[in-house]
Visitor: 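I am attaching a structure below and will ask some questions about it afterwards.
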Amino acid sequence: MMEIYPIMLRLKGKRIVVVGGGKVAERKVAGLLGTGARIILICPEASDGLKQLALDGKIDWRQKSFSESDLQDAFMIFAATNDTELNRLVKNSAADHQLATIADDPNGSDFHVPSHLKRGRLSIAVSTGGASPTLARKIRQQLELQFDDSYESYLEFLFETRKWILNEVEDAAIKRNLLKAIVSPEFLNSKNRDEDFQRLYEELK
Ligand SMILES: C[C@@]1(CC(=O)O)C2=NC(=C\c3[nH]c(c(CCC(=O)O)c3CC(=O)O)Cc3[nH]c(c(CC(=O)O)c3CCC(=O)O)/C=C3\N/C(=C\2)[C@@H](CCC(=O)O)[C@]3(C)CC(=O)O)/[C@H]1CCC(=O)O
Ligand SMILES: NC(=O)c1ccc[n+]([C@@H]2O[C@H](COP(=O)([O-])OP(=O)(O)OC[C@H]3O[C@@H](n4cnc5c(N)ncnc54)[C@H](O)[C@@H]3O)[C@@H](O)[C@H]2O)c1
């Protein structure tokens, strides 16, 4: 089996075509909404949730059956109809440089959508390579307990503090020690991270 390559994509302004308007398409669209991508939905019938998104102007619904020209200028393509042959046709109509996924054919897809847990800047994606989406979901739920809501503010603290350390601390050893210290459980659990950091900095500098 060829390895799959994991990346995080910035999709702002990219054209994404979703073919099919059922439960699966709705879940994939839900995952794309916050990205700033331009989402184009191709299907004769859409779920209530997708219809509402179209009414709200969040997605562009073309109420029609799929045709090859729908894929023009698409960066990413989701073939998510309930017709296996049609899903395959969608994938085969895509150019080599367009990333296409088929809802009912993991092996024939350019990419899979992982199960995803987000805590502010922290993102954890779980993939089973199509072996068991249910296991991916279960592992995501277990990770949600370990990486609870406190990680959101913790990640902001790390982001700001790391920036400060990189700009302000010249000594390489102190820099390294500080970068290591701020990922300790003491800082995760601290009630006042900035104060604790200032204290640590005074001790180490
Ligand atoms: C992770 C998640 C992300 C998302 O969709 O957002 C996701 N599926 C989720 C749920 C889920 N999907 C299915 C069930 C019913 C139970 C079951 O069948 O197990 C459940 C459970 C549920 O609904 O809880 C059925 C199913 N899924 C695929 C097939 C086709 C096949 O296997 O051939 C069939 C059979 C259809 C049929 O014929 O009946 C295929 C894919 N599903 C993937 C992703 C990709 C591989 C991910 C991986 O393994 O790493 C891949 C390959 C392609 C893709 O879609 O990208 C999301 C959980 C999100 C979360 O809750 O965290
Ligand atoms: N990847 C996943 O996570 C996952 C999960 C469950 C099921 N599936 C598979 O995904 C597929 C879709 O499942 P669903 O539950 O969303 O189905 P669904 O029956 O709810 O929806 C099917 C959609 O396909 C549209 N469609 C049918 N013919 C079309 C055409 N010619 N052009 C454009 N759109 C067309 C219909 O209008 C409808 O909106 C199934 O094949 C199922 O096996 C995948």
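Remember, it's a predicted structure, so these values are computed and weren't measured experimentally. In each ligand, atom 1 is the first atom listed, and ligand 1 is the first ligand listed. Both backbone and side-chain heavy atoms feed into the values below; hydrogens, waters and symmetry mates do not.
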Visitor: Does any donor atom in the side chain of Ser153 or Arg193 lie under 3.5 Å from an acceptor atom in the other side chain?
Guide: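 There is such a pair between these side chains.
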
Visitor: Is the centre of the Phe187 ring less than 6.0 Å from the centre of the Phe157 ring?
Guide: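 Between Phe187 and Phe157, the centre distance is under 6.0 Å.
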
Visitor: To check your reading of the model: name the closest protein heavy atom to atom 10 (C) of ligand 1, its residue, and the distance in Å.
Guide: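 The protein heavy atom lying closest is Arg27 NH2, 3.4 Å.
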
Visitor: Pull out every atom of ligand 1 sitting under 4.0 Å from any heavy atom of Ser127, numbered as shown with elements.
Guide: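 Numbered from 1, ligand 1 contributes 50 (O).
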
Visitor: Distance under 4.0 Å to a non-hydrogen atom of Pro114: what atoms of ligand 1 satisfy this?
Guide: 1 (C), 3 (C)

Visitor: Applying a heavy-atom cut-off of 4.0 Å, say which part of Ser109 lies close to ligand 1: side chain, backbone, both or neither.
Guide: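 Neither part.
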
Visitor: Protein heavy atoms: any of them under 4.0 Å from atom 14 (C) of ligand 1?
Guide: no

Visitor: Answer yes when Asp110 and Lys91 have at least one side-chain N-carboxylate O distance shorter than 4.0 Å, and no when they do not.
Guide: yes

Visitor: Who's closest to atom 5 (O) of ligand 1 heavy-atom-wise, of Arg137, His112, Lys28?
Guide: Lys28

Visitor: Does atom 34 (C) of ligand 1 have any protein heavy atom closer than 4.0 Å?
Guide: no

Visitor: Is there a donor in the side chain of Asn87 and an acceptor in the side chain of Asp105, or the other way round, less than 3.5 Å apart?
Guide: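 On atom types as modelled, these side chains do not qualify, holding no pair under 3.5 Å.
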
Visitor: Do the charged groups of Lys23 and Glu26 touch, with an N to O distance under 4.0 Å?
Guide: no

Visitor: Between the side chains of Asp196 and Arg199, is the shortest nitrogen-to-carboxylate-oxygen separation below 4.0 Å, so that they form an ion pair?
Guide: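 Yes, Arg199 and Asp196 are salt-bridged.
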
Visitor: Below 4.0 angstrom, counting only protein heavy atoms, does anything approach atom 38 (O) of ligand 1?
Guide: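 No; the ligand atom in question lacks any protein heavy-atom contact below 4.0 Å.
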
Visitor: Considering only non-hydrogen protein atoms, determine which one is nearest to atom 59 (C) of ligand 1 and report residue, atom name and distance to 0.1 Å.
Guide: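 Minimum-distance protein heavy atom for atom 59 (C) of ligand 1 reads Ser115 OG, 3.9 Å.
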
Visitor: Are Trp164 and Tyr201, when compared by the centres of their aromatic rings, separated by less than 6.0 Å?
Guide: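 Judged by ring-centre distance (under 6.0 Å), Trp164 and Tyr201 do meet the cut-off.
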
Visitor: Closer than 4.0 angstrom, basic N to acidic O: yes or no for Glu144 and Arg140?
Guide: yes

Visitor: Please identify which atoms of ligand 1 are closer than 4.0 Å to at least one heavy atom of Asp104.
Guide: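 Those atoms are 30 (C), 33 (O).
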
Visitor: Using distance alone, with no hydrogens and no angle criterion, decide if His116 and Ser123 have a side-chain donor and acceptor under 3.5 Å apart.
Guide: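 The answer is yes; a qualifying pair exists.
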
Visitor: For atom 19 (O) of ligand 1, which of Thr134, Leu32, Thr128, Val113 has the closest heavy atom?
Guide: Thr134

Visitor: Going by the atom numbers of ligand 1, which of them fall below 4.0 Å from some non-hydrogen atom of Pro106?
Guide: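 Heavy-atom distances to Pro106 below 4.0 Å select 31 (C), 32 (O), 33 (O), 52 (C).
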
Visitor: Any idea which part of Arg140 is under 4.0 Å from ligand 1, heavy-atom wise: side chain, backbone, both or neither?
Guide: side chain

Visitor: Rounded to the nearest 0.5 Å, how far does CZ of Arg162 lie from NZ of Lys175?
Guide: 10.0 Å

Visitor: Just to verify, what does Arg176 make a side-chain hydrogen bond (donor to acceptor under 3.5 Å, both in side chains) with, not counting sequence neighbours?
Guide: none

Visitor: Checking the side chain of Gln98 only, and the main-chain atoms of Ala95 only, is there a donor and an acceptor separated by less than 3.5 Å?
Guide: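 The answer is yes, because a donor-acceptor pair under 3.5 Å joins these two groups.
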
Visitor: Between ligand 2 and the protein, tabulate every N or O atom pair separated by less than 3.5 Å, reporting distance only.
Guide:
from     : atom 1 : to     : atom 2 : distance (Å)
ligand 2 : 1 (N)  : Ala103 : O      : 3.2
ligand 2 : 3 (O)  : Arg27  : NH2    : 2.6
ligand 2 : 15 (O) : Lys23  : NZ     : 3.4
ligand 2 : 16 (O) : Lys23  : N      : 3.1
ligand 2 : 16 (O) : Val24  : N      : 2.9
ligand 2 : 19 (O) : Asn82  : ND2    : 3.3
ligand 2 : 20 (O) : Lys23  : N      : 3.4
ligand 2 : 31 (N) : Ser65  : OG     : 2.9
ligand 2 : 32 (N) : Phe66  : N      : 3.1
ligand 2 : 37 (O) : Glu45  : O      : 3.1
ligand 2 : 39 (O) : Gly21  : N      : 2.9
ligand 2 : 39 (O) : Gly22  : N      : 3.3
ligand 2 : 39 (O) : Glu45  : O      : 2.7

Visitor: Would you call Ala103 a ligand 1 contact, heavy-atom distance under 4.0 Å?
Guide: yes

Visitor: Would you call Lys64 and Asp70 a salt bridge, taking side-chain N to carboxylate O under 4.0 Å as the test?
Guide: yes

Visitor: Are there protein heavy-atom neighbours of atom 8 (N) of ligand 1 below 4.0 Å?
Guide: yes

Visitor: Would you confirm whether any non-hydrogen atom of the protein falls under 4.0 Å from atom 52 (C) of ligand 1?
Guide: yes

Visitor: Does either side chain, that of Asp56 or that of Gln52, offer a donor lying less than 3.5 Å from an acceptor on the other one?
Guide: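 Side chains of Asp56 and Gln52: pair found under 3.5 Å.
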
Visitor: Would you please test Thr81 and Asp83 for side chain to side chain donor-acceptor pair (under 3.5 Å) and show each step?
Guide: CA-CA 5 Å; Thr81 77; Asp83 178 339; 5.4 Å; no

Visitor: N/O to N/O below 3.5 Å, does that happen between Gly130 and ligand 1?
Guide: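 Between Gly130 and ligand 1 (N or O atoms, distance only) the closest approach is under 3.5 Å.
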
Visitor: Yes or no: does Gln141 have any heavy atom under 4.0 Å from an atom of ligand 1?
Guide: no

Visitor: Does the protein place any heavy atom closer than 4.0 Å to atom 31 (C) of ligand 1?
Guide: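 So atom 31 (C) of ligand 1 has protein heavy-atom neighbours under 4.0 Å.
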
Visitor: Of the protein's non-hydrogen atoms, which lies at the shortest distance from atom 27 (N) of ligand 1, and what is that distance?
Guide: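 Its nearest protein heavy-atom neighbour is Pro133 CG, 3.4 Å.
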
Visitor: Taking the six-membered ring for Trp and the single ring otherwise, decide whether the centroids of Phe78 and Phe111 are under 6.0 Å apart.
Guide: yes

